[in-house]
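Written below as structure tokens is the structure these notes are about.
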Amino acid sequence: MQVLTVNLGDRSYPIYIGERLLSNSELITRHIRGMQVCIVTNDTIAPLYLDNLLQALHGLQVDTVILPDGESYKTLEVWAGIFDKLLNARHNRTTTLIALGGGVVGDMTGFAAACYQRGVDFVQIPTTLLSMVDSSVGGKTGVNHPQGKNMIGAFYQPQCVLADIALLASLPARELSAGLAEVIKYGLISDYEFFVWLENNMEALIAGDKVSLAFAVKRSCENKADVVAKDEREGGVRAILNLGHTFGHAIETAQGYGNWLHGEAVAAGMAMAADLSWRRGAISEEDLRRVLQLLRRANLPVKAPSDMTPKQFKELMGVDKKVLDGRLRLVLLESMGKAIITSDIDADLLQQTFDACKAD
Ligand SMILES: NC(=O)c1ccc[n+]([C@@H]2O[C@H](COP(=O)([O-])OP(=O)(O)OC[C@H]3O[C@@H](n4cnc5c(N)ncnc54)[C@H](O)[C@@H]3O)[C@@H](O)[C@H]2O)c1
Ligand SMILES: [Zn+2]
């Protein structure tokens, strides 16, 4: 087992990465200060892993909330149901909420912990690659509103994160690839050495090799924890974590949420950001080719949907007409392994990127 620390002063917490953590009773209960626990999970994950966790919590008052599976249930209404359970089972201020699931469960549980009796402890047990490397680290919690994703929420840090690599064995291949998009992102924005490691180990990752996956999770969490420690509330540098996301969000919105997975849209978005970075002279043509090649080897898309026009992209990215006027801020590559946030974007080069990155 590996242990990392997210350094946030008195809100610092450990991330444990390894196998069989879910049944490690001593490790989990170390982070539970009262006698009450409420596990929040969903109806896909519960049949797979809930029993294991229940056994590890033997001796405590444990209640369970099983949410319906899917981003479309990440709503205030479904979320409010967690409080019905907590109140009916008389959970007090020393209770601990445990999120057992992917980013949807983690975001909803963390936000419930932030609000129940003005804040109770919570533990993250991420079950997807994306939630291990991204959503369970950094303290962003929340739910969606019909007018926008993650529009209601709070910054709220967990007591600890337990990333049990063995849980990834049941994850659908497409979800694994979507998580790899965020993993590749860390290599691009802040860790060139890791990018090279990914080039050498992508086949093992796709095949579900646990040692390789554990290393990728560790290195990703280290990179994210570093950025979050510098800028917990995204006043500045944390925005580099959004490489590919401005293009990606436009794709997600245009395609309707759910058709493209978030990681898939981010992959195409990173391909576009890399293309624009090359056109600006920041990276070589060979490096652009390497970025696209690595994304492809992770079974991720490198082109935007064929029916998306540059006009649509610009509208969804919040820029109109030909003039950008410094209104569009993008995360781009300054070099391989280093990202910058810039509003100095040439409209003609951006147009060339839209044209080059459209699927045939
Ligand atoms: N808080 C943050 O900083 C942050 C960062 C990135 C994403 N997010 C949020 O995370 C969510 C996406 O997270 P996600 O990609 O984990 O999606 P998800 O939680 O919807 O999980 C994806 C699918 O995999 C299933 N699943 C999960 N673990 C499994 C396992 N071990 N075996 C089999 N099936 C399993 C889930 O039930 C679901 O159907 C979005 O709501 C996004 O807004 C938050
Ligand atoms: Zn993302």
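Each ligand, and each atom within it, is numbered from 1 in the order the structure gives. Counting begins at 1 with the first residue of the sequence. Only heavy atoms go into these numbers, but all of them, side chains included; no hydrogens, no water, no symmetry mates.
With atom 13 (O) of ligand 1 as the reference point, the heavy atom nearest to it among G102, G142, G103, S72 is part of G103. When M132, K74, M108, K140 are checked for heavy-atom proximity to atom 1 (N) of ligand 1, K140 turns out nearest. Heavy-atom proximity to atom 38 (C) of ligand 1, evaluated over L241, I45, D69, T141, is greatest for D69. The option from L100, D107, L130 that lies nearest to atom 12 (C) of ligand 1, judged by heavy atoms, is L130.
At least one side-chain heavy atom of L67 sits under 4.5 Å from a side-chain heavy atom of V65. Inter-residue side-chain proximity for N144 and E71 is flagged as met; some heavy-atom pair is nearer than 4.5 Å. Looking only at side-chain heavy atoms (C-beta outward), S135 and D107 come within less than 4.5 Å of each other. Counting only heavy atoms from C-beta outward, the side chains of F247 and M270 never approach each other to under 4.5 Å. Between S190 and D226 there is no side-chain heavy-atom pair separated by less than 4.5 Å. You'll find the side chain of L22 reaches within 4.5 Å of the side chain of Y49, heavy atoms only.
Where the criterion is an N or O separation shorter than 3.5 Å, residue side chain and backbone included, Y49 fails it with respect to ligand 1. Considering backbone and side-chain N/O atoms, L48 never comes within less than 3.5 Å of an N/O atom of ligand 1. Residue-to-ligand polar distances keep E175 apart from ligand 1: every N/O pair is separated by 3.5 Å or more.
Heavy-atom neighbours of E286 CD from other residues, nucleotides or ligands within 6.0 Å: above the threshold of 12. Counting heavy-atom neighbours within 6.0 Å of R20 CZ, excluding the residue itself, gives a total of 12 or less. Under a cut-off of 6.0 angstrom, the local environment of CD in E193 is sparse, with at most 12 non-hydrogen atoms contributed by other residues, nucleotides or ligands.
Heavy-atom contacts of N150 reach the following atoms of ligand 1: 43 (O) (cutoff under 4.0 Å). Which parts of ligand 1 touch K224 is read off a 4.0 Å heavy-atom cut-off, strictly below it: atoms 3 (O). Here is the list of ligand 1 atoms found below 4.0 Å of a heavy atom in T44: 37 (O).
Here K149 has side-chain heavy atoms under 4.0 Å from ligand 1, and that is the only part of it that gets that close. At a 4.0 Å heavy-atom cut-off, ligand 1 does not touch L168 at all. With a heavy-atom cut-off of 4.0 Å, N42 touches ligand 1 through its side chain alone. The residue V137 has no part lying near ligand 1, judged by heavy-atom distances below 4.0 Å. Using a 4.0 Å cut-off between heavy atoms, Q124 makes no contact with ligand 1 at all.
Looking only at heavy atoms of the protein, atom 29 (C) of ligand 1 is closest to L171 CD1, 3.6 Å. When only non-hydrogen protein atoms are considered, atom 18 (P) of ligand 1 lies nearest to V104 CG2, 4.0 Å. Closest protein heavy atom to atom 30 (C) of ligand 1: S170 OG, 3.5 Å. For atom 28 (N) of ligand 1, the nearest protein heavy atom (residue, atom name, distance) is T127 OG1, 2.7 Å. With respect to atom 6 (C) of ligand 1, the closest heavy atom belonging to the protein is D134 OD2, 3.5 Å. Summary of contacts: the protein heavy atom closest to atom 21 (O) of ligand 1 is T128 CG2, 3.6 Å. Closest to atom 4 (C) of ligand 1, if we only count protein heavy atoms, is S135 CB, 3.1 Å.
Using bins of under 30°, 30° to 60° and over 60° for the plane-to-plane angle, the ring pair H245/H249 lands in the perpendicular bin.
In this structure, F122 has its ring center no closer than 6.0 Å to that of H31. The distance between the ring centers of W197 and F215 falls below 6.0 angstrom.
Under the side-chain hydrogen bond (donor to acceptor under 3.5 Å, both in side chains) criterion, R280 pairs with no residue at all, not counting sequence neighbours. Under the ring-ring contact (aromatic ring centres under 6.0 Å, His included) criterion, Y156 pairs with no residue, sequence neighbours left out.
Partner of Q157 under the side chain to side chain donor-acceptor pair (under 3.5 Å) criterion, chosen from R11, Q124, E232: E232. When each of V40, I66, D63 is tested with K85 by the rule side-chain contact (heavy atoms from CB on, under 4.5 Å), just one qualifies, namely D63.
By the definition of a contact as any protein heavy atom under 4.0 Å away, atom 35 (C) of ligand 1 is in contact.
At least one heavy atom of E71 sits closer than 4.0 Å to an atom of ligand 1. Distances shorter than 4.0 angstrom do not occur between any heavy atom of H245 and any atom of ligand 1.
The set of protein atoms (N, O or S) found at less than 2.8 Å from the Zn ion (ligand 2) reads E182 OE2, H245 NE2, H262 NE2, by chain and number.
Scanning all heavy atoms of the two residues, the minimum distance from H91 to Y116 falls at O-OH, 2.6 Å.
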Under 3.5 Å, sequence neighbours excluded: what are the donor-acceptor pairs made by side chains of residues 96-103?
none

